[in-house]
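Single-structure report; data block below.
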Amino acid sequence: MQRIAISTIRKMSSNTEPLNNFANFGKKIVCIGRNYAEHAAELGNKVPTKPMIFLKPTSAYLQEGQGNIKLPPNCTEIHHEVELGIVIGKSGSNILESSAMEHVGGYTLALDMTERKLQSDLKSKGHPWSLAKGFDTSCPVGGFLDASRIDNVDDVRLWLKVNGETKQDGNTKDMIFRVPTLLSFISQYMTLEVGDLVLTGTPSGVGPVRSKDVIVAGLNDDLLQIEFSVE
Ligand SMILES: O=C(O)/C=C/C(=O)CC(=O)C(=O)O
Ligand SMILES: [Mg+2]
């Protein structure tokens with residue numbers, strides 16, 4: 001079972017130093033949908049009975065300082081979604097919930113940028129959301145936080161502002177499915193590999209951003225902060 005040396009992870013653990021080569025760091029970005037009840041409701045969706053999973057390609061990564069969020073072709077409505085990211089530090093499949101946290105190498109803060117109108121159109125046709133969720137720059141990410149930097153992953157505040165106005169302000173205590181449940185569930189279908197990123201879902205308050213908007217988001221008050229502009 002491949003395991004990234006904790007010493008290697010620790011070298012990267014900084015909330016100011018961007019994680020170099022994040023895009024090459026893992027093989028997949030596993031996203032959880034509708035994991036906060038208020039967000040499910042704001043889009044008129046039911047709360048899922050099992051974790052709702054979709055993927056983003058690693059070509060979607062955008063690291064801070066590497067450019068702006070790009071609008072996908074024929075974009076009509078692109079939404080921000082602030083999410084806690086779990087970086088896998090130990091590969092595994094059929095992971096038990098009781099030992100799932102051993103597979104967490106660290107954390108980051110990410111935006112699950114979504115072309116909402118396209119997503120709705122694809123949903124109405126029963127088609128996958130891949131284009132609405134996986135376009136280039138649809139996964140802006142912050143630096144890498146060593147697992148030791150978060151004492152209790154069930155109580156992390158995540159917030160997001162657009163042009164200085166607070167749009168999202170939630171807490172992981174409101175997640176429907178907790179991190180161990182998510183890692184265990186995903187790994188029954190897909191082996192979680194070192195460096196993979198799991199986006200744990202967004203709290204309520206999602207909404208559109210436009211060209212030249214500035215998005216600032218953070219974990220807790222000052223644990224990690226990211227800033228991205230829309231091209
Ligand atoms: O079901 C929908 O209409 C939309 C769902 C999402 O975009 C799910 C997420 O990405 C999320 O809950 O974070
Ligand atoms: Mg999302």
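Note that the structure is a prediction, hence the values are computed from the model and not measured. As the structure lists them, so they are numbered: ligands from 1, and atoms in each ligand from 1.
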CG/Asn74: more than 12 non-hydrogen atoms of other groups inside 6.0 Å: no

Heavy atoms of Leu197 and Tyr61 approach each other most closely as CB-OH, 3.3 Å

Considering the Mg ion (ligand 2), could you give the total of protein N/O/S atoms lying closer than 2.8 Å? 3

Any idea which residues sit under 4.0 Å from ligand 1, heavy-atom distances? Ile32, Gly33, Arg34, His39, Leu43, Asn45, Phe54, Glu81, Glu83, Asp112, Arg116, Gln119, Lys123, Trp129, Lys133, Gly201, Thr202

Going by the rule salt bridge (charged side-chain N to carboxylate O under 4.0 Å, His left out), which residues pair with Lys28 if we only count those two or more places apart in sequence or in a different chain? Glu193, Asp196

Looking only at non-hydrogen atoms, find the nearest pair between Glu83 and Ile32 and report the distance. OE1-O, 4.4 Å

Electrostatic pair Glu165-Lys167, nearest N-O below 4.0 angstrom: yes

Hey, is the main chain of Phe144 close enough, under 3.5 Å, to the side chain of Thr108 for a donor-acceptor pair? no

Charged N to carboxylate O below 4.0 Å: is that the case for Asp121 and Lys125? no

Under 3.5 Å, is there a donor-acceptor pair between the side chain of Ser91 and the main chain of Val194? yes

Could you note down all residue pairs passing ring pair (Phe, Tyr, Trp, His ring centres under 6.0 Å) where residues 108-134 supplies at least one of them, sequence neighbours left out? Phe54-Trp129

